Amino acid sequence: MAFKSRISIANPETAALVADSFVPSGSRDKVIVEAYPGPGALTRALMQLPKERIRKIIVLEDVEQYLNFLNPLQEADPRVQVLPMNGFSWDTYHQLDVQGFLDDVENIPWNQSNPYLHFISHLPMDVLGEQLLAQLLRCAPEQSWLFKYGRISMSYLMHDWVWDRISASPEHQARCKLSVIAQAVSEFNHTIDPQLLVPYNSHFYPDATNPAYSLKTENRRRGTPFIAGTFRPLEHQIIQPGMLDKWDYCLRKLFVLKSTPLKDAVGHLAPGSDALKSYLAGDDVPPDQRTDMMKSIRKMSVEDWAAVVGAFDRWPFAPEELLITDSFSRDDRI
Amino acid sequence: MEKGTDRVHPTASTYAIMLLAWRRFNPESDTPVHLSDLPNPTTLLSNLIERDISPTAVVADRVLASSEEASEIIKLLSKSAVDLNHPRILAELGQAEFLGSHVPDPLEGVPEVKPVLRLAVQTLDENGNVIPAQSEEEVPFNLDNLRKHLAQVTLARRVLPEDLASRQKLLEESVYDVAVERLRHEAKLFDELGLGNRELHHADLQKWMWDWHQKLKTRLEAEIKEIIVAEAKICKHIRACQTFLATSNQVQRMGPFLSLVKPEKLSLITILEIMRLQGSGGVSDGMKTARALLTVGRAVENEYKAEMCKRNHIAIPSHARPGEFTGYFTGLGYKDLHARRMTAAKYMEDSEEWTSEWTQVLRVRVGSILVDCLMDSATIERTAVDKRTNEEIKENQPAFYHAYEYVRGQKLGVIRLNPVVSERIAKDGLRETLHPRHLPMLVKPKPWLNHDRGGYLYNRSAAMRFKDCQEQQTYLEHATSLGNVELVYAGLDVLGSTPWKINRNIFDIVLKVWNSGERLCKIPPAAYDQPEPEKPLNMNTDIKAKSVYGARLKAFMQDKANNHSDRCSVNYKIEIARAFLGDTMYLPHNLDFRGRAYPIPPHFNHIGDDLSRGLLMFGEAQPLGEQGLRWLKIHLANLYGFDKGNFDERVKFVMDHLEDVYDSAEKPLDGNRWWTKADDPWQCLATCMELHAALESGDPHAYMSSLPVHQDGTCNGLQHYAALGGDVKGAAQVNLSVTDRPSDVYTYVANMVEKVLEEDLKNGDKYAAMLSGRVSRKVVKQTVMTTVYGVTYIGAREQIERQLKDRKDIPEEECWGASAYLAKRVLVCIGDLFSGAKAIQTWLNLCARLISKSIPAERVPDALQAPKGRKKNGSSLPKNRIRKEQMSSVVWTTPLGLPIIQPYRKTKRKQVMTSIQSVFISDPNAPAEVNAVKQASAFPPNFIHSLDATHMMLTALECRTQGLTFASVHDSYWTHASSIDKMSEIIRDTFIALHSSDVLEKLATEFRTRYASHKIPPDIASQRKLLKNLQAAGVRIVASSEQANALRLGGFDNIMDPTQTETPKPKTGKRGRPMKNVVMIECAQNDVSAVMDHEEGDDDCAGEDDVDSILVDKFVDLSAILPPLPKKGDFDVETIKQSQYFFS
C-alpha cells in the first residue's frame, strides 16, 4: 500500500475525542486491534483513556518511519504490543492466531455482541483501503477473521466519500455494491459529529494538497474531510454462510447496469439468465413475494437483492465458477 | 452439329471428338489448324453443362484411344472448369482421373491427422437398433471443413499437377461459398441418418450452426427489407421537411450496404467470424463487442470486394525478369525495376473496379445489425439437474449473450458464448476458421505493385500493416508513386519467392506424437495432464487459505485454457503441413510500420515456433561441401543450446555427441530422445536427421541438403547502437569487434544479478532467498534484450514473471512478488552497462519529444486563437489552442527510402450507438493531437527496428543477386549450409554499407529539413525537466536578455545574448554541422497568455507563471533547438569484417 495514501489524525485533542467515541465510558477490559495507526496519535489517545476500559492494544504497522514513533509506546505501557505487520495482509491475522496474541479473548456466541474485542483503523485513502473495508465486512456472514470471536465492533477513521458510498440508501446516487454489502451485514453510525473533524488541516497529517496543483480526483486527494464511524455486525445475517460468492457475483454483474431496470438487466447476469424473471415475478410466485422488476438496480433494497440471489441459487443453470468469471488475464494477442 | 441447328442431339461422343480435335489442332499445338470457328474447351464445357452431359462420360468415350489423350482432355476441361467456377465438375473430373490414374500421389499412405479423441456417439433408430455412425471417430467440424477445403487443393493437384496458378485460384475461392455447401451437406446427412428425432438427437455444433444459419438468413432477409422501407420513408420525410429545416442532419442509409452481399452470405459471414473471434482479446469464451462488430463489418466489406475482384478475372502478371538483369543496386537496375512495376500497376488498376474504403462507423453499423440479429435468433437447448428436486430441466437459451465486465476500472462490453457452445468448441477445436488468406501459396506471390496489390493473387493484401492510420497509408502511397521504395517492394518479392517444402521426416514424427495424445516438446497433450489444485478443507473460515487457493485455481484454469488453445494451434499447423506435403510453397510477406518483414500466413510459417520451423525446409537442395558440413554441425550445437563456445568447440560438441545424434535420427521416439532436451527440439531433430543422412551418404560433401542454417545477430539492437555511436566498449559486448570467443551479455547480467542477490540474502530478504541461484541466463535474457527497446519496469516484471512461472520451482502465489523484486534488481544491473546506447537513445528521445511539441509556422496564428466549444465542468477555458495544434508525429525515411510514421495519437473515440451497446471507435481520418509521451518513448526502438529491417532487406537483395536462397526472422538470417560463408560476407558488407553512411547525421538533416518551418510553443519554458535534459544534451539557445531571463527562470543557463555578441558565430559541432541561430518570433497578440501544462510525472509544478507571461507568444524554431548529436566514438565498422561472432 502506497505510503502517500496514509492519512493519520494529528491533533491530540481531536484524537482524544475520537478515542473516547470509539471506546466510550462503560467499556470494560477491551482488547483493541489497531491497524494503520500511522505515527500513533490515536494509539496514544486510546492509552490515555481510563485504564479499566482497555486491557490490551495490538498495533499493526509495517512502515518503518511510523514504527520509530510507535515502539516507544510499547516500552512505556505494558498493555501495548507493536507488531511490524501489515493490516491488509491475511497472513497478519493468521499470525495473530498462531502466535497466540488473542488467546485470552473471550468467545461470545453470535446472538450476543462481543464487548471485548474491537478493531480500530485509519482507512488508507487509496483503492486498497476501500478493498480492505469491503473484505472485512464480507467476513461477518461467514464468521471468519476476527468475527470468529463473535460480533465484534469495527471503528474507522475514513474519507467521508467512502462513508457516503457505504451509507447510500436506494434513493441515493452513490449507491453501489459496497452499500449493499455493508447494509446487509452491519449497522453503523458516526461516533462524533463530522463537523468536529473539519477543517482537515487542523486535525490531520499530512497537509491537504492544493486542488489547483493536483491531477487527482477529489476522492484520491489529500484534504477531503474525514469522519469517524463504528460498524456492528447484525445478529441475523441475510447472507447465508456459503452464499457470499453468489452475492458478490450478482452484485458485480448487475451493478454494471446500475440505472437499468431489473427486468432488462437480469439477462446480463449469465447465459440464459432471462429465465430468472419467472423465479422472481412469475405467475406461480405469490403476489406478495414477487420482486418489483421495474426497479432499477441502484434502487434495489437488501431484501430485493436477497430475492435475486436466492433465485440465482435455485436456478439450475447458474454458472459454477464464480470466482474467476472475469478472466481477462491472457495477453492480448492477434 | 454441336450448335443444335442440325436437329441432331450431340452426345458425349460428339464432345469427345471436338475436344480431341482441339487438342490436336489448337493454335498452340504442334499442328495448328486455323479454323476461325473451332470452339475452345471452355465454350464446349459450358455447352456440355447446359445439355447436362456428364464430363465423365465424355472422357470415358471410346473415341479417345490412348489414356494419355484422355488425361490431356481431363486437364483441358479442368482448366475450363476452374475458369467457369464449377467445383462440382472439377471434382467429377478428379474422380475420373483418379480412377484411371497411374501417377503416384505424394500423399498416398500418409495417415490422417487425428485431431481430437472424440468418439462418435452411437445413435439409435426408432426400433432401438444401433445406426452405425459415419466413422468410429468423428473429425470435429472445423477441421473437417478445413480438411475438405484442403482436400480440394489435394484434389486439384491430381487433376492439375502442372497448372499451379489455377490451383491457387481454387484455393483462394471464397471460403464462404465453400462453407455454405459444407453445412448444407452435413445437415442433409444428419437428416438422412434419422437424427431429426429430438429424443435421440445429440446436440452438435454443425447442426447448431446450420440451424442458426437457416434462422439468421430468413431473419436478415426480412430485416433488410424492413430497413430499406423504413429508410425510404425517413428520406422522403427529410426531403419534405427540407423546405422548413435546412438541417444537414443526414441519416446514413444502411440498406444499400446490406444489399451488396446476399443474405445467405451475410448470415454465414456473421456466424463464422463470431465463432472465429471467440477467445480473442483475452476474453475466454467470448470477445470484445467493439472488435466483433468491426470484424464482421470488415468481413462483409472484404467479401464484397473479393467478389468484385473475382468477377473481373484479374490477370496475373508474370514474375519473370528480363534477361539483362543488372542487379538491384545500380542506377539502371533501379530505374528498370521502377518502370516495370509502374506498367504492371497501371494494368492492374485499369482492370479493377474502383471500390472505396468503408468508414469505421459504417463497418460497426453493418456489423451491429448482423450480430444483433444473430444473438437474437441463435439459440441452443441446454439441460441441467435441479439440485433440490433432482429433476432434469431443459431450457432454450441464447447461444450468444452480451455482458459487461470491468477491466482495470474500465467498463467493457463483451459478447460471450453460451457454456454449452464453448464446451463443444473446446472439444471440436474451432478456434479459427480458416481463410485462404491464412495459407501459404502454391505459386510465387504476385509481385508487389502498390501499397495494396501484391502477395495473394485474388485477395487484396496490404504491403504494410497499419492499424487504421490514414497518415501512414498516404505517405506510403506517395513514396510509391515517386518511385522511392522500389527496393523495399523488390525485397518483399525476394522474401516471398523463397521456395519451401515440408520436412517429411519430421512431419511423420510429429504426426505420430500428436495422434498418441501425449505431451512432448511443446506439443500439448490431448487431455490436460496437470492436477487441479486441492480445495483446502478450512476454506470458509481461513481467509488466507481461501486466497491462496483462489490464486492457484485461477492459474490452473488459465493453463488449462492455454493448453486447449495450444492444442488447436498445433492442430492447424499439422493440418496445413499435411495439405502441402507434396508441394513447393511460398510465403508472401508484408511489412509492419517500421519496415520489418513478416510472412502473411499467420498459422504456419518460418517465423513461428520451433515446431513450425522444424517442419519447414527450403524447396531446393544444395550440395553441402566441406564448409557446409561444418556449418551444419555448428547449427546443431546452436539449436541444442551450446552456443557460448567458439566455433571449433561447437563442432567438437557435436562430434562428442555423435552417438546421440545418430540415436536421435534413427530412433527419434524409441531411443534415448537426446534431441528432446535441446533448446529447440524439433529443429534439432531435423538437423540430427540431416547430419545423419549426410554422414551416411558415403560422400557427405556431395550430400544435397535443403535444411536452412541460421546466423543470428547477438543482441542485434545493441549492435546497431554500437555501430551508430562508434562505441568501442559496446561493440565488444555484442561481438562487433574481433574476439576468439563470443561474448554473452545475458550471462554477464545474470551473474551481476546473482551477486546483488547475495548481498540482499545477507539482509535476510525473503525473495532473495527464494531466487538465489535461480537467476539463469534465460530469466534475464528477454529483459536485457528489450532494454535497448525501452522496456519499462512493468514490462520487465511481466517478462520475468513468465520465466519464473516456467521454472515451476517458485510457488504460484509468490511469482508476482518475486518478479517485482527481481525486475528491479535486473534493471539496476543493466543500468549503466549500456551507457553508449543510452546517449543515442536520449538524443532520439529528445528529438521526438521536441517534434511532437512543434507546430508548423502557418498554423501558429490559429494556435493562438481561443478554442472552440465550452468545457462542461465550468473550469476555465485555456486561452489558446496550442495543445490542440500539436499534431506533428515523428516521420523519417529509412536508407531504403521507406517513409516511417509513428502512429501514436490521442485518438478521439467516437460513440456509436448500436442495438447491442454503444461502441467507442476511433476515426482514423479525424485530425488528433499526437501522444507526445508515446512518440518520444517509442522512437528509439522504432528507429532501431527500421535499421535492422533495412539491413535485412539489403541482405535479402544481395543474396538474390548472388543467387543464394534467403529467409529471415528479423535478426536471424537463413540460407543453405553451403552458402553460409557467402552469406556471412554479405551480412557484414551490408551492415558496413548501412553504417558507413552516417545514419544519425542523415536523420538529423532530415529532421531539420522536414520540420524546417516548425515552431515550438513557448510553454516549453515551463517544462523544467525537458529543458534540463536539453541542456545536458548540449543545446545552446541564442536569446535576447529579456528572453534569457525567462529561460533562466525555467532553469536553462546555456544562453548567448546577441546584444553582447553582435553576430554570434555559428557554432560548429563535432560533426561539422553549424548550429543555427535561434529566431524568436514576435506575434501580434501580446495580450494572450499561454496556458500552463503540467505533464504527469513532472515533479515541479509551482512558480512558472512568471516565465510564461514573459515568454508568451514567443515561439522557438524547432530546427534550432534540436540537440547536437552525441559524440561518435572510435569504433570502426569495417572491423566487423573480421569479427567471427557478429552473426553466428
Side-chain angles (χ1 to χ4, degrees), chain A residues 89-95 97 127 135-136 138-139 141-148 209-210 212-215 241-242 244-245 252-258 260 265 267-275 313-321 323-334, chain B residues 279-285 379-380 382-388 391-393 395-409 411-412 414 416-421 432 540-550 553-555 557-558 561-562 565 602 798 802 1094 1096 1101-1102:
Chain A
S89 158
W90 294 121
D91 196 40
T92 302
Y93 302 99
H94 184 65
Q95 288 301 322
D97 275 350
V127 69
Q135 291 193 359
L136 294 183
R138 278 176 167 78
C139 291
E142 308 278 358
Q143 300 180 18
S144 58
W145 184 61
L146 299 180
F147 293 117
K148 64 186 171 195
T209 35
N210 184 343
Y213 294 123
S214 173
L215 290 169
L244 194 62
D245 288 343
R252 190 171 64 230
K253 286 278 175 186
L254 292 178
F255 256 105
V256 176
L257 300 156
K258 49 181 178 273
T260 311
H268 292 262
L269 194 55
S273 58
D274 259 336
D313 183 44
R314 290 197 304 280
W315 184 45
F317 298 95
E320 304 267 322
E321 290 294 351
L323 272 177
I324 43 175
T325 42
D326 289 356
S327 44
F328 269 88
S329 39
R330 240 180 312 162
D331 53 348
D332 199 339
R333 274 174 299 178
I334 304 186
Chain B
S280 68
V283 190
S284 55
D285 300 334
T379 55
I380 44 100
R382 202 172 157 197
T383 48
V385 177
D386 192 315
K387 282 166 279 180
R388 286 163 186 80
E391 261 179 284
E392 194 169 88
I393 294 181
E395 244 176 47
N396 245 337
Q397 295 193 343
F400 306 94
Y401 73 105
H402 180 261
Y404 286 102
E405 278 175 15
Y406 273 101
V407 182
R408 292 197 193 114
K411 188 164 128 185
L412 187 77
V414 294
R416 281 176 170 271
L417 271 63
N418 193 296
V420 184
V421 180
E432 295 113 326
N540 281 337
T541 49
D542 189 341
I543 305 280
K544 192 191 169 199
K546 186 176 178 175
S547 71
V548 169
Y549 171 71
L553 188 65
K554 195 167 179 179
M557 299 302 280
Q558 208 63 62
N562 288 348
S565 69
E798 275 166 10
R802 225 170 294 139
H1094 298 292
E1096 216 173 334
C1101 297

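These figures come from a predicted structure and were not determined experimentally. Heavy-atom basis, side chains included; hydrogens, waters and symmetry copies ignored. Chain identifiers are assigned alphabetically (A, B, ...) following the order of the sequence lines, protein sequences preceding nucleic acid strands; residue numbering begins at 1 within each chain.
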A:His268 side chain to B:Tyr404 backbone, donor-acceptor under 3.5 Å: no
At their closest point, which heavy atom of [X] faces which heavy atom of [Y], and how far apart are they?
X: B:Arg382; Y: A:Pro271; answer: NH1-O, 4.0 Å
X: A:Pro316; Y: B:Ile393; answer: CG-CD1, 3.7 Å
X: A:Ala270; Y: B:Tyr401; answer: C-CE1, 3.8 Å

Which bit of A:Asp274 is near chain B, if near means a heavy-atom gap under 4.5 Å: side chain, backbone, both or neither? neither
Could you tell me which portion of A:Leu257 (side chain, backbone, both or neither) has an atom closer than 4.5 angstrom to a non-hydrogen atom of chain B?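 Side chain of A:Leu257 only, per the 4.5 Å heavy-atom cut-off to chain B.
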Engaged part of B:Thr379 at the chain A interface, taking heavy atoms whose separation is under 4.5 Å: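 For B:Thr379, there is no contact with chain A at all, as no heavy atom is under 4.5 Å.
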